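Nothing here was measured: the structure is a model prediction, and the numbers come from that model.
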Amino acid sequence: MAEEPYAVLGVARGAPFAEVRKAYRKLAKELHPDANPNNKAAEERFKRVSAAFAFLDDPDRKAKYDRGEIDADGNPKFAGFSGNAGGRGPFGGGDPFSPGGPFGGAGRRQTGPGQPEFEDMFGDLFGAAFGARGGARPGFQAATKGQDIQTTIKIDFEDAISGTKQRVNAGDRSIDVTIPAGVETGRTLRLRGQGGPGQGGMPAGDLMVTVTVKPHPVFNRDGDDVRMDLPVSLTEILEGGRVEATIPNGTVSLTIPPSSNSGTVLRLKGKGVARPGSPGDLFIRLILGLPEGDNRELKTLLATWSRRDEPPKR
């Protein structure tokens, strides 16, 4: 049976989802494989934490689990004859199959004259699913939900910004997974019914895909916004003009205002995370890049210019 998900996340059973999510984000950040290279213990705990959060991430399943209707594997809990809380079954206190119970010794074959064979009677009435204490009938297949399958996937920064599709292995199958725009490292995507097959008419398990976003040498994420530095020449800084810039989802022709400074930030609205309805923005910081070499001509110019140059305010 799966671990108790609240305990894995370190929160009280029945905690509100906001508290569950906060605990998960903290643990995922601490335990992520990128932060713990070659640490198998951290990697295994990261998987357990991700599985626990994925289980509680479904509001309907969380509510059923909190009410005690399903177990940590998502399988229904039957009140059955084993009794409920406090050891009381549906027929009052105690064991209904005890000698003093309403089924007085059912499950033990009674062969006296005129006495019914209770073991057979209850087997026919309830079926082997209730097990009547002698074990399942030959050939009976227990009704159980399919196992969940966990896997990980690494995607490029640009794909995390714009969204993409990527193929992952799920046991003996390959499945195309839709990666939503704005996904972050540590996010677990749940594909319902794509896990192991169920038995006895129960549904298949789920496929849970934990995402890692590869870092980028130029672009940095800031919520739904993206920030980058753009090297520009001294002429472009002084005179302005149009330059081509590579951005996460392609290229753009960018207008640099005349007499800009190194460090000037330009904003391109809607060019950040491509979240439907409310995309983020792209912020481009201009960085002065001098030509390589000794730049004697530039030094001569600056020697003349320095007579009139005033230091900037600091």
Side-chain angles (χ1 to χ4, degrees), residues 9 17-18 20-35 46-47 49-62 148-170 173-195 206-230 243-255 265-285:
L9 295 169
F17 182 70
V20 170
R21 180 172 54 192
K22 181 179 179 181
Y24 166 69
R25 287 181 173 178
K26 180 176 182 294
L27 290 171
K29 185 176 180 180
E30 293 175 357
L31 299 170
H32 195 275
D34 286 352
F46 175 76
K47 291 179 180 179
V49 165
S50 297
F53 178 73
F55 181 86
L56 297 173
D57 191 34
D58 184 312
D60 181 61
R61 181 169 48 238
K62 181 179 186 299
D148 291 340
I149 297 176
Q150 299 180 38
T151 188
T152 59
I153 189 173
K154 284 190 175 184
I155 63 173
D156 293 331
F157 184 93
E158 294 91 337
D159 289 336
I161 296 301
S162 304
T164 187
K165 282 189 176 182
Q166 192 158 329
R167 180 160 295 187
V168 301
N169 291 324
R173 298 172 296 143
S174 293
I175 297 176
D176 289 329
V177 178
T178 298
I179 311 295
V183 68
E184 298 179 84
T185 289
R187 170 82 179 274
T188 298
L189 308 175
R190 177 182 287 272
L191 280 72
R192 299 194 180 282
Q194 297 296 331
D206 300 335
L207 172 63
M208 294 180 292
V209 183
T210 301
V211 179
T212 296
V213 180
K214 301 175 186 176
H216 197 278
V218 176
F219 309 125
N220 290 290
R221 180 93 176 260
D222 183 10
D224 283 347
D225 297 329
V226 177
R227 298 183 180 275
M228 61 173 287
D229 290 342
L230 178 65
V243 298
E244 292 291 322
T246 299
I247 62 176
N249 54 359
T251 59
V252 66
S253 183
L254 186 68
T255 298
V265 176
L266 307 178
R267 176 185 179 187
L268 298 185
K269 192 170 180 61
K271 296 296 185 181
V273 175
R275 201 178 294 280
S278 57
D281 298 333
L282 174 65
F283 292 88
I284 301 178
R285 183 174 62 172

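- Residues K154 and V211 form no side-chain contact, since every pair of their non-hydrogen atoms from C-beta on lies 4.5 Å or further apart.
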* What's the verdict on side-chain contact (heavy atoms from CB on, under 4.5 Å) for I247 and N249, showing C-alpha distance, side-chain angles and the deciding distance? -> CA-CA 6 Å; I247 62 176; N249 54 359; 3.2 Å; yes
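- Using a distance-only test at 3.5 Å, with no hydrogens or angles considered, no donor-acceptor pair links the side chain of R227 to the main chain of L282.
- For K271, the NZ atom sits in a loose shell: 12 or fewer heavy atoms of surrounding residues, nucleotides or ligands are nearer than 6.0 Å.
- For the atom pair CG (L189) and CD1 (I179), the distance works out to 5.0 Å, reported to the nearest 0.5 Å.
- Contact of the F17 side chain with the D57 side chain is registered, since non-hydrogen atoms from C-beta on lie closer than 4.5 Å.
- Inter-residue side-chain proximity for Q166 and I155 is flagged as met; some heavy-atom pair is nearer than 4.5 Å.
- Applying the side chain to side chain donor-acceptor pair (under 3.5 Å) rule to S50 yields no partners; only residues at least two apart in sequence or on another chain are considered.
- Distance alone, capped at 3.5 Å, places no donor-acceptor pair between the D156 side chain and the E158 backbone.
- The backbone N or O of D206 sits less than 3.5 Å from a side-chain atom of D148, completing a donor-acceptor pair.
- For the residue pair V226 and P248, the shortest heavy atom distance occurs at CG1-CG, 4.0 Å.
- Of all heavy-atom pairs spanning V273 and G182, the tightest one is CG1-CA, 3.5 Å.
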* Report the C-alpha separation of V168 and L207 in whole Å, then their side-chain angles, then the decisive distance to 0.1 Å, and conclude whether the side-chain contact (heavy atoms from CB on, under 4.5 Å) test is met. => CA-CA 10 Å; V168 301; L207 172 63; 4.1 Å; yes
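- Of all non-hydrogen atoms in A274 and A181, the two that sit nearest each other are O-CB, 3.4 Å.
- Checking side-chain atoms of D281 against main-chain N and O of D225 turns up no donor-acceptor pair under 3.5 Å.
- Here the CZ-CD distance, from R192 to Q194, works out to 12.0 Å after rounding to the nearest 0.5 Å.
- Among residues at least two apart or in separate chains, side chain to side chain donor-acceptor pair (under 3.5 Å) pairs with a member in residues 179-189 are T188-T210.
- Once rounded to the nearest 0.5 Å, the distance linking CZ of R267 with CZ of F283 reads 5.0 Å.
- With sequence neighbours left out, the side chain to side chain donor-acceptor pair (under 3.5 Å) criterion links T212 to H32.
- Looking only at distances, a side-chain donor or acceptor of R61 sits under 3.5 Å from a matching main-chain atom of F55.
- Using a 4.5 Å heavy-atom cutoff, the side chains of E30 and F46 are not in contact.
- Rounded to the nearest 0.5 Å, atoms CE (M228) and CG (L268) are 9.0 Å apart.
- Remark: R21 is not positioned above the aromatic ring of F53, lacking an NZ or CZ atom under 6.0 angstrom from the ring centre and at most 45 degrees off the axis.
- Atom NZ of K26 is separated from atom CG of L9 by 12.0 Å, given to the nearest 0.5 angstrom.
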* Worked check of side-chain contact (heavy atoms from CB on, under 4.5 Å) between V218 and L230 -> CA-CA 9 Å; V218 176; L230 178 65; over 6 Å; no
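- For the atom pair CZ (R190) and CE (M208), the distance works out to 5.0 Å, reported to the nearest 0.5 Å.
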* **Residue pair N169, S174: steps toward the side chain to side chain donor-acceptor pair (under 3.5 Å) verdict** => CA-CA 5 Å; N169 291 324; S174 293; 3.2 Å; yes
